[in-house]
Amino acid sequence: MAIEPLVTRIQKYNPHIDVSVLQRAYEFAFEAHHSQKRISGEDFIEHPLEVARILAELELDVESVVGGLLHDTMEDAGVDLCVIREEFGDEVALLVDGVTKLRRLSYRSKEEQQAENLRKMFLAMAKDVRVILIKLADRLHNLRTLQYHSIPKQREIAQETLEIFAPLAHRLGIYRIKWEIEDIAFRHREPEKYYELAHRLSSSRGVREEYIEQVIELLRGKLGAMGIVSDIQGRPKHLYSIYQKMLEQQKDLNEIFDILGIRVLVDTVKDCYAAVGVIHTLWKPVPGRFKDFIAMPKSNMYQSLHTSVIGPEGEILEIQIRTRDMHRTAEYGIAAHWRYKTGVRDDPAYDEKLAWLRQILEWQHELRDAREFMETLKIDLFADSVYVFTPMGDVLELPNGAVPLDFAYRIHTDLGHRCIGARVNGKLVSLNYRLQTGDIVDIIKAKQPSPSRDWLNVVKTSQAKTKIRQWFKREQREENVNRGREALEREARKQGVEVEHLRGERMLELGKRYTLHSVEDIYAAVGLGVVAAGALVSRLKEQTRLPRPDDEMPEVMVEQKRWSKSTQGIRVLGIDNLLVRLAHCCNPVPGDPIVGYITRGRGVSVHREDCRNMGLWREREQERLVSVAWDKQFNASFQLRLAVSGMDRAGLLRDVMNVLSEMKISARWVTARGDKSKMATIDLTIEINNLEQLEYLRQRLNKVRDVYEVRRMV
């Protein structure tokens, strides 16, 4: 009978099975599907029988195999769940019902995902992981007979497989199924690329196989000489994996160096590391290509040592070393550890390996409805991410290293602002706790928002950092305004300035020097600490004592000579009708102490008093120096150079330019450079209105993270 090969296969790994259960399940399925045919024309019963065989190859327990035989009886034959429960028990009924419900998982990426999420998939986690295993076996056999569907249907199913089921198999560590379904799906989704790649590989297969055999013989002899018992075999690279690597690395086939692969199976972990030592003495290792997944297993329980070496004839060769138990886990993943087939119920080592899954399953158990599966998870296959759950069952993708604050801000800005703690899997954790895939995160919130600036050093996501900065820029503006007003009033009383002047026209004039266009903006700047209250009140005091602008000239005006008319914002004492220009050697701006130098044929050149040229002229050409003063009514921008020094990091230049943008300061020239000591220097040629605005800019730049110094270039 058709069931006999299946029974024989199961008896190899489980001699004590109850054959009668399998026989009854086969007869039940045969009767349910007796009048049904598949698209291929074969009897429908062949499909559940093949699914059961695939599950037997994974060496699953009898309940799983029975579930495979019966998995379509509800969906396609209309059998009631209570009948299955009565005939085969609650456990099998749960599996069959679970697979049936899993069909409700619809392929929605084309309709609901944006372009950047096209490679995401839904990760369905069931109350019982064996439901997923049955579904994967079901998908594998359907793919093996995919050629009987129309071309559009083939491509649709292939796309769904690559986005949903292949990543599912990867997450569960079942590489034996993952590789096959990927290659079949690849063949039907992109047949031209598949066959082109297959042809290129097959054309050199003979040479590759001969090369691998030589390497294996050499390595087997060296390991044997060291007393290491090993089983060495060539490791074929499946086509879809090669194709993906070519796309990701933008390389041609002949540039992919791990097509040639060898797998070494040994008895113990000690032998694994000893074998690596032998390999590295035999061939030169490729720097940076050694990975230890034994000391740090992957989340899907995969363990192995990976190394790439420059083998014979200069070929780069990838070698995997693992124990036989590790190899079994690598092939079968979670199926290799499923406790139901051994009857082991309390194995701490097993629980540790499945900690990530247990957390998800515990959350699933607490769902109020009867769903067997969790909400779909959208997972980027190529990102280094963690996937965590809200108490309501939604899944969030966050970058590796994310903390509960990132989670809170991803949910809602207000939740982030009010976050004061978090529970992960029911336990209180600190706000800098690093979230792990499968964590169920519950945010503890305060009644009122209360972000901290320290959070900027804790959060991982740019979204959270932006929201926190916006809080201090917008939500606390009123607090900064009040703090700044109080500081200015306190300083005004100390310096004997009437408080009314703090809200007058002269205060607004001072504010414009800092590109602050309202009294509230000035208060906020003082409250934030970017403008000093004492300096501002001192300038305001000077302004209130001076006459109006027409007569606003330095004390030198008491001389009998008169000042010339303003030219380029400069007045020259005692000389009219001269060309006046600002010297480029020191780039003076309003507020700088300045001196004029009468040039030969080019008028008066205006320099800062501390210009390096002034010392020489004072000694040799004192007669050419002339008194000059800024015209305070002249409104124009002046160029100067700044050098910003700081730690070399990604985003430093962007943060500096953001400050200029916020202050509406134009940059005429920008250069940035880094050195071996991880220091960065940004040279800026900017347009500034006056010295006060420059000082405000320097204070703002000094507050940029990792900026050490802001200096004016002479």
Side-chain angles (χ1 to χ4, degrees), residues 123 295-300 351-360 362-363 366 377-380 382-476 479 528-529 646-652 654-655 658 678 702-708:
L123 175 59
M296 297 184 65
K298 293 184 179 181
S299 60
N300 58 16
D351 288 339
E352 183 179 348
K353 289 177 181 177
L354 293 184
W356 62 272
L357 180 59
R358 187 184 65 252
Q359 292 168 356
I360 296 174
E362 286 176 355
W363 178 84
E366 295 169 0
L377 310 181
K378 299 173 184 178
I379 294 182
D380 188 332
F382 305 101
D384 188 11
S385 304
V386 295
Y387 310 94
V388 295
F389 298 92
T390 70
M392 298 302 295
D394 296 318
V395 65
L396 295 183
E397 176 189 354
L398 296 168
N400 191 26
V403 298
L405 283 168
D406 293 299
F407 176 91
Y409 277 104
R410 180 65 60 86
I411 296 292
H412 195 277
T413 301
D414 183 62
L415 183 62
H417 289 338
R418 294 200 285 157
C419 177
I420 57 172
R423 290 188 182 91
V424 174
N425 305 321
K427 298 180 180 178
L428 284 172
V429 297
S430 62
L431 291 180
N432 61 359
Y433 166 84
R434 296 185 61 171
L435 297 173
Q436 306 295 319
T437 293
D439 280 347
I440 304 162
V441 185
D442 186 12
I443 298 298
I444 303 171
K445 59 184 181 181
K447 292 182 178 180
Q448 298 296 328
S450 57
S452 166
R453 288 189 182 275
D454 293 337
W455 290 2
L456 291 170
N457 300 321
V458 175
V459 295
K460 180 75 172 180
T461 60
S462 58
Q463 178 188 17
K465 291 181 179 179
T466 300
K467 297 298 183 184
I468 294 168
R469 291 192 183 106
Q470 287 177 349
W471 162 264
F472 287 105
K473 184 177 180 180
R474 298 175 183 174
E475 299 296 331
Q476 288 195 327
E479 180 182 338
L528 279 170
M647 186 180 73
D648 193 1
R649 64 165 173 85
L652 179 62
R654 178 200 62 211
D655 293 345
N658 283 344
K678 298 295 183 182
N702 276 314
K703 289 181 178 293
V704 172
R705 180 168 64 91
D706 296 326
V707 168
Y708 301 146

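Not measured: the values here are computed from a predicted model.
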What pair of heavy atoms forms the shortest contact from [X] to [Y], and how long is it?
{"X": "Pro404", "Y": "Leu431", "answer": "CD-O, 3.5 Å"}
{"X": "Ile443", "Y": "Cys419", "answer": "CG2-SG, 3.7 Å"}
{"X": "Gly416", "Y": "Leu405", "answer": "O-CD2, 4.5 Å"}
{"X": "Val388", "Y": "Gln436", "answer": "CG1-O, 3.3 Å"}
{"X": "Phe407", "Y": "Leu435", "answer": "CB-CD1, 4.1 Å"}
{"X": "Thr413", "Y": "Lys467", "answer": "OG1-CE, 3.3 Å"}

I need the [X] [atom1] to [Y] [atom2] distance, nearest 0.5 Å.
{"X": "Asp442", "Y": "Ile444", "atom1": "CG", "atom2": "CD1", "value": "7.0 Å"}
{"X": "Leu415", "Y": "Lys445", "atom1": "CG", "atom2": "NZ", "value": "6.0 Å"}
{"X": "Asn457", "Y": "Lys465", "atom1": "CG", "atom2": "NZ", "value": "8.0 Å"}

Within the structure provided, determine whether Asn658 and Val704 are in side-chain contact (heavy-atom separation under 4.5 Å).
no
**OP:** For side chain to side chain contact (heavy atoms under 4.5 Å, CB included), just list the numbers for Ile468 and Tyr409, CA-CA rounded to whole Å, side-chain angles, deciding distance to a tenth of an Å, and then say yes or no.
**Re:** CA-CA 9 Å; Ile468 294 168; Tyr409 277 104; 3.4 Å; yes
Step by step, work out the side-chain hydrogen bond (donor to acceptor under 3.5 Å, both in side chains) result for Tyr433 and Asp439. CA-CA 11 Å; Tyr433 166 84; Asp439 280 347; 3.1 Å; yes
**OP:** Dump the intermediate steps for salt bridge (Lys or Arg N to Asp or Glu O under 4.0 Å) on Arg410 and Asp406, then the final yes or no.
**Re:** CA-CA 6 Å; Arg410 180 65 60 86; Asp406 293 299; over 6 Å; no
Margin query: Closer than 4.0 angstrom, basic N to acidic O: yes or no for Arg649 and Asp655?
Written below: yes
- prompt: Do the rings of His417 and Trp471 sit parallel, tilted or perpendicular, given the 30° and 60° boundaries?
  reply: tilted
Should Ile440 and Val424 be marked as a side chain to side chain contact (heavy atoms under 4.5 Å, CB included) after you check the CA-CA gap, both sets of side-chain angles, and the distance that decides it?
-> CA-CA 6 Å; Ile440 304 162; Val424 174; over 6 Å; no
* Whether over 12 other heavy atoms sit under 6.0 Å from Arg418 CZ -> yes
